[in-house]
Amino acid sequence: AMHFLSNNNFCHSPILALELKWLSCVLLDQAKEAMEQGEVPVGCLMVYREQIVGQGRNEVNETKNATRHAEMVAIDQVLDWCQRHSEKTTDVFEHTTLYVTVEPCIMCAAALRLLKIPLVIYGCRNDRFGGCGSVLNIATDYLPNTGTPFECIGGYRAEEAVEMLKTFYKQENPNAPKSKARKKD
Amino acid sequence: RRRTSDSECFSWEILPVLSEEECQGVELLPAYAAPILCKKETSRLVKEVSAIYPLPGLQHLKRVRACKEEPRQHDVEILICLASPLQKEESALSLRELLPTVKAECSSLGEPFVVQVPARPPLTRPQFRESSAHWPTSFHENKLVTKALDGQLFSWEEKNRMQKYMDQAIQAAKCGAAIGMEAVGAVVVNSSTGAVIAVGHDCRQGCNPLLHASIVGIDLVSHAQGGGVYNYDIYPDCKFFLSPNNNECAEIDAVDSPAGTHPTAVGLPYICTGFDLYVTREPCTMCAMALLHSRIQRVFYGTPSPDGALGSKYRIHSRRDLNHHFDVFRGILEDQCQELGNECHQVS
Ligand SMILES: [Zn+2]
Ligand SMILES: [Zn+2]
């Protein structure tokens, strides 16, 4: 099920309320850092038993790999964390919550399903690529061979996430013709 | 001369994986039609009926059809208007109810009856054939789609090359399976030069359970272009090939791509622009979307997979609401690719 909640009634459990207080700062910082590096401003955190086991932001340009979305980067960190702490990765993922500033895209939503992550809390919708209801609903569709469905809660600090995306795309567009001209030289 | 050798040389058939719209059956709507009793009145009746019932959104429907069924009491029938979806033949409206203003002309029209007409314009020749059986429609044929559906899109030489690439993917899949991975292999090819850019296999039992063959293939292409994320030192059968102008090619391709719709924006690495992927089995949703993000040109897969996203469960490559579209074909060395899966299940 997907819910959209306002910030006021968002914190429906005391643990979640505490978590969110400090999580949201780290989360938006990640997105800001991405923007500073010329990446699409998306940031995410993965929380297992009240500790951050992975965090990530888009690294698409840096790696010249279009699949390096914040979620994929954070997943790799969780895998590293598991190795360092001798934890079974399946156990950790199955009890991990993903916090992400923008609704995961179709690719990332499928990745989260494959890893059996149970809960995703995100900021704004992703109208272009969203995999949790906006374009497809990978979170809940019947896909018996693709991990397990997960719960999505959207709308948390959505305004800030949207603002950042808007700023990013505004600053990107005027550059496009310039870079083309440069290439012709 | 080539024709005969075609069927002798390939044990497989290559089929296009079309969009949802191109694959679906013909949806029908009930409508009223009436016989034209005096054939000479046809063009006048068409003009008058069209003015009263313009049929918006149904421009593909012909207004009149010739009657072929015997015994034939009249030559032509005219489409009047859509009927209510629940309209029963017995309670069909009369001519006077349908066309109260066309009084004088009524004598040249027979009593109306209910017919089923195609709700959408046909996109493929099979849809056109099915539609025409109900009511004649116009058809703007995409010749390439028709050729592809007839298995005539690729030449013998092209198929021969495709078979070699897929065979390379199969060999990679076997190497992966030998070290405990799922038996899936992938080859990335520059479609304009024919050069192999990357060969890889599934690595999901290693450091990351998401390293499916397509994800590995994409990352190997990133490596070939000076980026990349994962280290493949322990997987000697996952490799990329540097060509002196690989980088340059990709950039030029991206800017001047004939599609022209997605020129490279600042720094965004649409690394697979102009590249084809050969993969032994249909990519899952994650892999299909990863290929879309990478702007792959075409995907060729051997055999379908249960939750596959390029034909089986979704058709990610042809969704109008996504910003990049690519062509998908299935069937190259299908039997051999399918066998890989069987062997793998026996192992695990
Ligand atoms: Zn994503
Ligand atoms: Zn996959």
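Residue numbering restarts at 1 for every chain, and letters A, B, ... go by the order of the sequence lines.
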Proximal component of A/Ile106, with respect to chain B [non-hydrogen, under 4.5 Å]: both
Pairing of A/Asp76 and A/Arg68 as salt bridge, 4.0 angstrom limit: yes
Pairs of heavy atoms under 4.5 Å with chain B: top-ranked of A/Val73, A/Leu114, A/Asp127: A/Leu114
Salt bridge (Lys or Arg N to Asp or Glu O under 4.0 Å) partners of residues 81-101 of chain A, not counting sequence neighbours, each pair once: none
Which of B/Ile215, B/Leu322, B/Ile316 touches chain A most, by non-hydrogen pairs under 4.5 Å: B/Leu322
Close side-chain approach of B/Ile332 and B/Tyr278, heavy atoms under 4.5 Å: yes
Contact leader toward chain B among A/Thr67, A/Asp80, A/Ile75, where contacts are heavy-atom pairs under 4.5 Å: A/Thr67
Max heavy-atom pair count under 4.5 Å with chain A, selected residue of B/Leu292, B/Asp321, B/Thr285, B/Val229: B/Val229
Validation row: A/Thr90, A/Lys116 side chains within 4.5 angstrom (heavy atoms): no
Side chain, backbone, both or neither of A/Leu143 within contact of chain B (heavy atoms, under 4.5 Å): both
Side chain to side chain contact (heavy atoms under 4.5 Å, CB included), paired with A/Cys108, selected from A/Glu103, A/Arg113, A/His69: A/His69
Residue part contacting chain B, namely of A/Cys105, when any heavy atom lies under 4.5 Å: side chain
Contacting region of B/Leu291 [heavy-atom separation from chain A under 4.5 Å]: neither
Engaged part of B/His212 at the chain A interface, taking heavy atoms whose separation is under 4.5 Å: side chain
Contact check, side chains of A/Val120 and A/Thr97, non-hydrogen atoms, under 4.5 Å: no
A/Arg57/A/Glu36 salt bridge by N-O under 4.0 Å criterion: no
Toward chain A, the part of B/Cys287 with a non-hydrogen atom under 4.5 Å: neither
